[in-house]
Amino acid sequence: MKNGFKALKSKAQELIATGKKYWDKPAKGNYVPYKEVVTLGCAGFGVQWVPILAATIGLDAGNFLVGHSIGLAPMDLYIMLIVSNAIGIPLGLFRGWYFDNHHMKGGKFIPFMLRSSFPIVGLSTLFVFLPFEHWEYTVKAVVTFFFYLVLQFFLCFYNEGFAYLQQIITPNAQERATVMSISQIIYSLAPSISNLLIPTVAGLTYGLNNIQTYRTIYPAFAFVGLIVNTIFFRKVKERLILPKREMSGVRITDALREVAKNKYFWITTSASWVGFLENSYGIVLSWSFVYAFGGKYDASLGIVNTIIGNSALWSMILAPFAIRLLGKRNLLILNNVLNIVLLAILHFVYQNLVLVSVIFLLNNFLNTFGNIYFPNIQADMRDYHQWKTGVRIDGLFGPLGMISTILGFFTGLIIPSIYEHMGLHEDYSVLYNDALRNGLFEVITICAIVGSALNLIPYLFYDLTENKHDGYVNVLKVRAMFEDYADGNISDDEVEETMEIIHRAKELNGAKPIPVDKSKLKEAKAMPKNTEENKLNRKDAIKAAKKEIKETKKRNNDIEAYAFVNDEMAKFDTQAFRMQLEIAKKTYERGPFQKYDDLAQEKAAAKKLPRGTQAEKLARSDAFEVIRTKKAAVKLINKYGIENIKQPDEAVREEIRNRDTSTISESMKAKRDLKAFLKAKSIYDRAVAPYENARRLLSQAENYTHLDELEELYSQITAKKQAQTV
């Protein structure tokens with residue numbers, strides 16, 4: 001007992017010492033100091049509470065405010081949702097384009113969050129104080145729809161901004177999982193507080209199905225969140241691996257073409273298509289407490305929600321370790337399988353409030369892992385895309401996913417149709433009828449089981465492992481270093497970090513993975529422990545065996561990850577890239593506008609390229625992509641004529657943006673002029689894309705010849721550091 005206490009005390013002291021050491025400066029290989037992790041966690045209070053009232057305004061029959069309090073029918077709500085989603089498609093394209101092309105002071109995403117938080121709080125507060133109880137049904141529906149539409153415009157900027165921010169807080173995938181886990185542990189206190197207080201106070205006063213609750217309780221949380229949001233988000237940094245040279249903007253159409261080629265995007269997107277089915281079971285808990293047993297357990301919902309919500313704490317603590325042990329894909333698949341099992345049990349025990357609460361607690365525990373691994377999957381997917389194409393896209397990944405919205409116009413009819421078919425219309429008091437409510441629950445849980453199973457299938461094809469992602473990020477660092485060096489804009493830290501990556505890759509080049517031998521660990525565990533000395537010897541042997549296993553696994557992982565760096569450094573010596581360089585040189589020498597009459601020969605040569613290894617397959621794919629780009633350029637040249645394709649002056653865009661538009665006609669003219677500018681730029685960029693791609697490839701090949709110079713610079717930097725430490 002005494003030894004256990006000493007060990008616990010020693011561990012606590014070690015954690016405190018580590019926290020102090022890396023409070024202002026991160027550990028080697030990491031990017032985020034602990035101070036910023038805590039700041040992000042505090043900022044998360046704002047993320048939870050700024051939209052807390054706006055989130056209650058939903059076009060869903062399960063929504064207590066719009067459905068139960070205001071009294072809008074399920075099918076009417078769904079029709080309004082369809083129209084809103086249709087309007088949201090062009091708005092989503094605009095939002096993604098704006099994210100990727102308008103970097104304001106303070107970062108790529110944080111400024112949008114700070115600016116959108118004020119209208120979210122103001123509009124949602126105004127909405128609940130409108131006199132709905134005195135209006136006709138049509139007026140209530142129209143006003144609700146208008147406010148929902150406007151709020152969604154700001155909410156999407158706010159929520160997507162925070163999601164993207166978490167994905168670029170650090171390029172280190174494992175550190176990202178840890179940062180998200182710790183920050184979520186901190187800001188999970190926010191929903192724990194609101195989930196306890198709001199339903200409990202509501203149950204003791206007006207009830208969750210009475211609009212007075214939303215006028216007296218919710219606004220206080222929203223305004224506190226606004227204050228916290230404004231203070232803390234100004235102290236969080238964004239981190240992207242890009243050359244220091246300013247990157248040009250990404251156009252909507254070009255970005256969507258790029259995103260459509262990303263296989264991981266389609267895997268994650270197709271999984272989301274059945275989300276409406278999987279999430280349909282969520283009504284079982286709240287409707288059971290509010291309507292079952294005559295509603296006498298209504299006030300207990302807040303306490304139950306708090307207990308269920310607190311189960312997320314353990315998920316957030318365990319998530320980084322689970323990801324390190326299983327990997328994000330395997331953890332996701334395991335969670336989905338367990339979720340299907342829980343939903344199957346729920347189908348048979350939904351009439352027992354205790355068992356329902358336990359199932360929702362376990363379900364919340366499992367789903368909270370997704371709060372960590374799913375944003376990391378999205379971030380990995382974007383890093384992969386940047387590695388494969390050289391283009392960094394964040395915001396415009398979202399809009400192409402709106403294919404889910406279009407499909408949802410049809411699939412989303414299923415749940416409200418079930419509600420109305422089983423007798424739930426604008427009068428929600430029918431849910432006090434046990435037979436109607438129980439029948440509804442049985443159908444909904446079956447739908448959820450089917451949805452969970454369908455959601456699982458696409459991820460069986462997801463193969464972006466942690467090792468692959470580490471390899472992609474290392475390659476991005478290598479490319480950025482060479483480009484920054486060529487531009488004369490490189491720092492000592494960048495040289496030191498990246499050259500160490502290259503040296504480690506050289507060290508492991510050609511190495512083969514070693515099978516993990518656990519026999520020593522078994523032998524150590526079998527050692528005698530009958531005396532104190534034997535116990536210590538056994539403990540040391542187990543510790544040494546585990547260390548050896550850990551080092552072997554680490555080396556095997558490094559062999560796979562650093563292979564990408566070796567392939568990158570050697571790519572211009574391969575047959576495929578030598579051919580690409582020859583073609584690129586001819587393309588560049590001919591100038592930007594060409595008919596590319598030799599595409600048939602290029603295609604024949606590309607077909608002969610080897611495809612035995614992953615690197616060879618990628619190079620072959622790149623060769624065909626060059627051909628497709630040239631074909632697209634030829635079509636544009638034939639359509640518009642070389643004499644009509646000109647590069648627009650960027651000064652024109654700035655003039656349009658800064659133009660004083662005091663009247664509607666002037667504003668419309670500015671929009672038309674900007675649209676014309678963007679169209680001209682898009683045509684020009686696509687027409688000269690083969691030439692520009694050739695120039696970039698030749699430039700990269702030239703940059704990589706400066707490795708010896710960078711080696712010398714690295715030696716000077718390390719020698720200087722060693723001299724300073726002596």
Side-chain angles (χ1 to χ4, degrees), residues 48 55 58 60 62-64 180-181 184-185 188-192 194-196 198-199 208 271-272 274-292 297 300-319 321-323 326 328-375 377 415 418 437-438 440-457 459:
Q48 298 296 315
D60 186 304
N63 184 276
F64 281 110
M180 292 175 64
S181 176
Q184 285 193 27
I185 289 172
S188 66
L189 290 172
S192 295
S194 56
N195 286 343
L196 172 62
I198 291 175
L208 285 172
S272 70
V274 292
F276 75 99
L277 278 176
E278 184 178 6
N279 298 328
S280 60
Y281 74 95
I283 62 168
V284 175
L285 180 73
S286 57
W287 286 11
S288 293
F289 275 87
V290 173
Y291 294 106
Y297 296 109
S300 302
L301 180 59
I303 298 172
V304 171
N305 273 336
T306 301
I307 296 171
I308 291 172
N310 286 336
S311 67
L313 172 65
W314 302 106
S315 308
M316 289 181 277
I317 292 173
L318 295 172
F321 303 102
I323 289 173
L326 299 173
K328 293 183 282 291
R329 171 190 180 270
N330 293 339
L331 180 59
L332 183 151
I333 290 174
L334 176 62
N335 279 6
N336 269 30
V337 171
L338 293 176
N339 190 45
I340 293 170
V341 173
L342 287 174
L343 290 173
I345 297 172
L346 179 65
H347 178 74
F348 296 101
V349 302
Y350 63 84
Q351 295 188 61
N352 187 310
L353 284 181
V354 174
L355 292 179
V356 167
S357 301
V358 170
I359 289 172
F360 269 77
L361 183 144
L362 294 173
N363 181 266
N364 187 64
F365 171 77
L366 293 173
N367 288 343
T368 304
F369 281 101
N371 294 347
I372 308 297
Y373 64 65
F374 193 73
I377 285 174
I415 300 302
I418 291 173
R437 187 185 63 256
N438 292 341
L440 184 60
F441 285 173
E442 289 180 4
V443 175
I444 290 301
T445 50
I446 291 174
C447 289
I449 293 168
V450 172
S452 295
L454 293 174
N455 177 270
L456 173 63
I457 294 172
Y459 284 105

### Task
Check the pair I449 / I340 against side-chain contact (heavy atoms from CB on, under 4.5 Å), numbers first and verdict last.
CA-CA 6 Å; I449 293 168; I340 293 170; 4.2 Å; yes
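Smallest separation of non-hydrogen atoms from S315 and F369: O-CE2, 3.7 Å. Nearest heavy-atom pair, L353 versus Y297, reported as atom, atom and distance to 0.1 Å: CD1-CD1, 3.7 Å. Heavy atoms only, all atoms of each residue included: C447 and S280 are closest at CB-OG, 4.0 Å.
For the atom pair CG (L318) and CZ (F365), the distance works out to 5.5 Å, reported to the nearest 0.5 Å. Atom CD1 of I317 is separated from atom CD1 of I185 by 4.5 Å, given to the nearest 0.5 angstrom. Residue N336 holds its CG atom at 8.5 Å from OH of Y459, rounded to the nearest 0.5 Å. Taking CD1 of I345 as the start and NE2 of H347 as the end, the distance is 12.5 Å to the nearest 0.5 Å. One distance of note links CG of L456 with CD1 of I333; it measures 6.0 Å at 0.5 Å rounding. Going from atom CD1 of I372 over to atom NZ of K328 covers 11.5 Å, rounded to the nearest 0.5 Å.
You'll find the side chain of S311 stays beyond 4.5 Å of the side chain of L362, heavy atoms only. In this structure the side chain of L285 reaches within 4.5 angstrom of the side chain of S357, judged on heavy atoms. Using a 4.5 Å heavy-atom threshold, the side chains of V304 and F360 count as separate. Contact annotation: the side chain of I377 approaches that of L332 to within less than 4.5 Å [non-hydrogen atoms, C-beta and beyond]. Side-chain contact between V284 and I359 is absent, with no heavy atoms from C-beta onward closer than 4.5 Å. Inter-residue side-chain proximity for L346 and V356 is flagged as met; some heavy-atom pair is nearer than 4.5 Å. The shortest side-chain heavy-atom distance between L338 and L342 does not fall under the 4.5 Å cut-off. Residues S300 and F289 meet the side-chain proximity criterion, which asks for heavy atoms closer than 4.5 Å.
Side chain to side chain, N339 and N335 fail the donor-acceptor criterion of an N or O pair below 3.5 Å.
A perpendicular orientation is assigned to the rings of Y350 and F441, their planes being inclined by more than 60° (bins at 30° and 60°).
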